[in-house]
Amino acid sequence: EGNGAWGEDCAFDWKNSIGAVKTGTNAGDDDVPALTYKVNTDGTTKDGAATYGEQITRTPNPNLWGGNSQYYDLDYAIGFYEYFLLCESVGASAVPVVNCGYSCQGGAASDPHLLQGRHGKGVADFIQDAKDLIYFAKGSVDSSDPVEAKWARIRTNLGHPAPFKMDYLGIGNEQFGSIYYNDCYEKFLVDFAAEENELVRSVKPIVGNGMFLENCENPESKKFGTAQVAARNYWGDGKIAAVSDYGVHDQHYYVNYTELIENTHLYDSYLREIDDEQQYYEVFVGEYSANDGGRVAGFGSYHQNELITALAEAAMMTGFERNGDVVKLAAYAPMFGSVNDAVNQWKTDMMYYTNTQIVRTANYYVQQLFMHNQGDHILSPAWGNLEVAYADSFEPTFALPADTQAPVVGEHIVDKLHYVASMMEDGTLIFKVVNVSGGSIKFNVNVSGATASGYAEVIELYSKSGDRAVKNTLQNPDEIVPTSFTAGFTGNSMGYEIKPYGLAILRINVKG
């Protein structure tokens, strides 16, 4: 339980990341003391102004992913406070993850076990750490709760009197199994439900799940993932009123691009009702990307950020958006990586950098385009206000070219086009469509029950050479970049021809 590659000293501690120290022996007995610099400008040493949370006060510890190597030591130079500042600076709400009290179960660990905690109280320490983080992020110095007021004061002392935005909190990461659910996560649920401070209950917990696509719900085979099984058991025991009360389920999958294309309808058939009650759970796709074909991301260069991987992710994201009632959050991973292979563990990063340059991959542009082109509600062809029409001879499916890196080698019969449509409150219809095939496809977008303005903005992302394996590099960083133009049409039907291996976004102005 102590030192070593998987011991207590490797456990990530958010309080270390802001320079907190122990002030007692009970769970939560922690504070961030002032640090007073010595100033000498005229040969006389004087006390300078008090400051808080400086990096020098943060106790480092080894990171098990580096086998305790110096490169992977956690020096907390960027801690939770800096993370909250980063989120605020880009207009985002923070989604932090706290230690659940159980050691790593991933590829770097061989003996997962319960941890002792900052004060030797086990999971009680980690529950208090989680509540203290909520108070640190969102608390008020004027609160009648002394613990909330203390952590709000600590945030204020660090330089941010106003609260941060935070609506979700991850309880552990990539963790699962009876020890995690019964001995850790569910103890968080019990404690949070009994907490009198409403601030704690204002944050939705995120529960860990298995790490692969097969750990997701599969309604066709009536198969449930690890978190789903735990939630249904907890609900069946009468401990929660609905399965959705168990928390937001964190799903991860780093897979070959063929698997994403084959699973774009994964969430379409997720159970929305149990025993005739609407109580479906929410999903956070916390880590996903199309990688080199292995079951664990990275380490190879096959399909490294090629256009086809970006299009596979775009196709999957149409399913995310189409099922926004279930998929509430999604996060691409990994995000940044050095172009120097010697220090870059991953091969599918969204952006690559040197000391002076950054390469935005096609995968980056897919994320950017989806983020900036979201409507306020989803449209469905079944609702009668949107129809996608093809030529009579059109074959909607095809066999993906064989890929020796895919888990199942051979033919993969998939849809050629993957799309989602949404409407903004100002009357803009946003139609996103992905062509994962090697041929151009003509189709009409028909809008019924509305009057179209007669023009549309079209944004395209595709390979100029028609090569699905093309990618952006330091030498050619703009091989794949979005382009846009305005297209006119008559009536309520817009004809469009999407290019091979392409993503297109049509923004059509309509009136109801």
Side-chain angles (χ1 to χ4, degrees), residues 260-269 308 310-325 327 366 369-370 372-400 412-424 427-462 482-512:
L260 286 188
I261 296 174
E262 289 178 305
N263 284 278
T264 58
H265 296 287
L266 174 68
Y267 300 103
D268 293 344
S269 54
I308 189 62
L311 295 177
E313 291 154 8
M316 191 70 183
M317 290 169 70
T318 64
F320 294 170
E321 187 171 326
R322 192 168 54 248
N323 295 281
D325 59 332
V327 183
V366 164
L369 291 173
F370 269 71
H372 288 299
N373 292 280
Q374 294 187 53
D376 296 298
H377 61 271
I378 297 297
L379 296 181
S380 167
W383 294 350
N385 51 14
L386 178 74
E387 180 185 2
V388 179
Y390 310 99
D392 292 340
S393 60
F394 177 68
E395 292 291 339
T397 63
F398 79 120
L400 277 173
H412 300 257
I413 306 301
V414 299
D415 293 334
K416 293 177 181 177
L417 289 186
H418 305 263
Y419 59 84
V420 62
S422 60
M423 183 73 76
M424 298 182 67
T428 302
L429 187 155
I430 302 175
F431 184 77
K432 294 193 282 289
V433 58
V434 185
N435 180 7
V436 296
S437 75
S440 62
I441 299 174
K442 295 180 179 180
F443 60 88
N444 286 342
V445 179
N446 303 318
V447 183
S448 62
T451 302
S453 64
Y455 71 92
E457 179 187 2
V458 181
I459 306 169
E460 297 180 327
L461 186 73
Y462 63 95
T483 58
S484 61
F485 59 92
T486 300
F489 59 94
T490 58
N492 284 4
S493 180
M494 178 183 176
Y496 179 72
E497 182 174 1
I498 187 169
K499 296 177 176 61
Y501 302 119
L503 162 66
I505 300 173
L506 314 181
R507 297 178 62 98
I508 305 171
N509 292 321
V510 299
K511 297 178 181 178

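Only heavy atoms go into these numbers, but all of them, side chains included; no hydrogens, no water, no symmetry mates.
Contact of the M494 side chain with the V458 side chain is registered, since non-hydrogen atoms from C-beta on lie closer than 4.5 Å. Looking at heavy atoms from C-beta onward, L260 lies in side-chain contact with E313 at the 4.5 angstrom threshold. Looking at V388 and N444, their side chains never come closer than 4.5 Å, going by heavy atoms from C-beta outward. Counting only heavy atoms from C-beta outward, the side chains of F431 and I508 never approach each other to under 4.5 Å. Under the 4.5 Å side-chain criterion, counting only non-hydrogen atoms from C-beta, F370 is in contact with E321. Under the 4.5 Å side-chain criterion, counting only non-hydrogen atoms from C-beta, I261 is in contact with L400. Here the side chains of V510 and S453 are not in contact, with every heavy-atom distance at 4.5 Å or above.
When all heavy atoms are compared, the tightest approach of F398 to V436 is CZ-O, 3.5 Å. Across all non-hydrogen atoms, the minimal contact from S437 to I441 is OG-CD1, 3.9 Å. In terms of heavy atoms, A310 sits closest to V366 at O-CG2, 3.6 Å. Summarising the geometry of G491 relative to A452, their closest heavy-atom pair is O-CB, 3.8 Å, with the distance given to 0.1 Å. Considering all non-hydrogen atoms of both residues, S484 and I459 come closest at CB-CG1, 4.1 Å.
Here the straight-line distance linking atom CD of E457 with atom CD1 of I430 works out to 9.5 Å at 0.5 Å rounding. Here the OH-CZ distance, from Y496 to F489, works out to 14.0 Å after rounding to the nearest 0.5 Å. Taken to the nearest 0.5 Å, the CE atom of M424 stands 8.5 Å off from the CG atom of N373. Taken from OG1 in T483 to CG in L461, the straight-line distance is 8.0 Å, to the nearest 0.5 Å. Atom-to-atom distance recorded for D392:CG and F394:CZ is 12.0 Å, nearest 0.5 angstrom. We find the CG-CG distance between L429 and L506 to be 9.0 Å, quoted to the nearest 0.5 Å.
Here Y267 pairs with Q251, Y253 under the side chain to side chain donor-acceptor pair (under 3.5 Å) rule; sequence neighbours left out. Residues meeting the salt bridge (charged side-chain N to carboxylate O under 4.0 Å, His left out) test with E497, sequence neighbours left out: none.
Here the side chain of K416 pairs a donor or acceptor atom with the backbone of E395 at under 3.5 angstrom. Using modelled atom types, one side-chain atom of S422 and one backbone atom of G375 make a donor-acceptor pair closer than 3.5 Å. Remark: side-chain polar atoms of N446 are not paired, donor with acceptor, to backbone N or O of S493 under 3.5 angstrom. Put simply, the side chain of R322 gets close to the backbone of T264: a donor and an acceptor are under 3.5 Å apart.
Annotation: cation-pi geometry not satisfied between K432 and Y419 (NZ/CZ under 6.0 angstrom from ring centroid, within 45° of ring axis).
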Could you go through T428 and M423, starting from their C-alpha distance and side-chain angles, then the distance that decides it, and tell me whether this counts as side-chain contact (heavy atoms from CB on, under 4.5 Å)? CA-CA 6 Å; T428 302; M423 183 73 76; 5.8 Å; no

Let's go through T397 and D415 carefully: what are the C-alpha distance in whole Å and the side-chain angles of both, what is the deciding distance for side-chain hydrogen bond (donor to acceptor under 3.5 Å, both in side chains) to 0.1 Å, and is it a yes or a no? CA-CA 4 Å; T397 63; D415 293 334; 5.9 Å; no

Apply side-chain contact (heavy atoms from CB on, under 4.5 Å) to L503 and E460, showing your working. CA-CA 6 Å; L503 162 66; E460 297 180 327; over 6 Å; no

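Ring-plane geometry between H265 and H418 is classed as tilted, the angle between the planes lying from 30 to 60 degrees on a 0 to 90 degree scale.
Side-chain N/O atoms of Y501 and N435 include no donor and acceptor closer than 3.5 Å.
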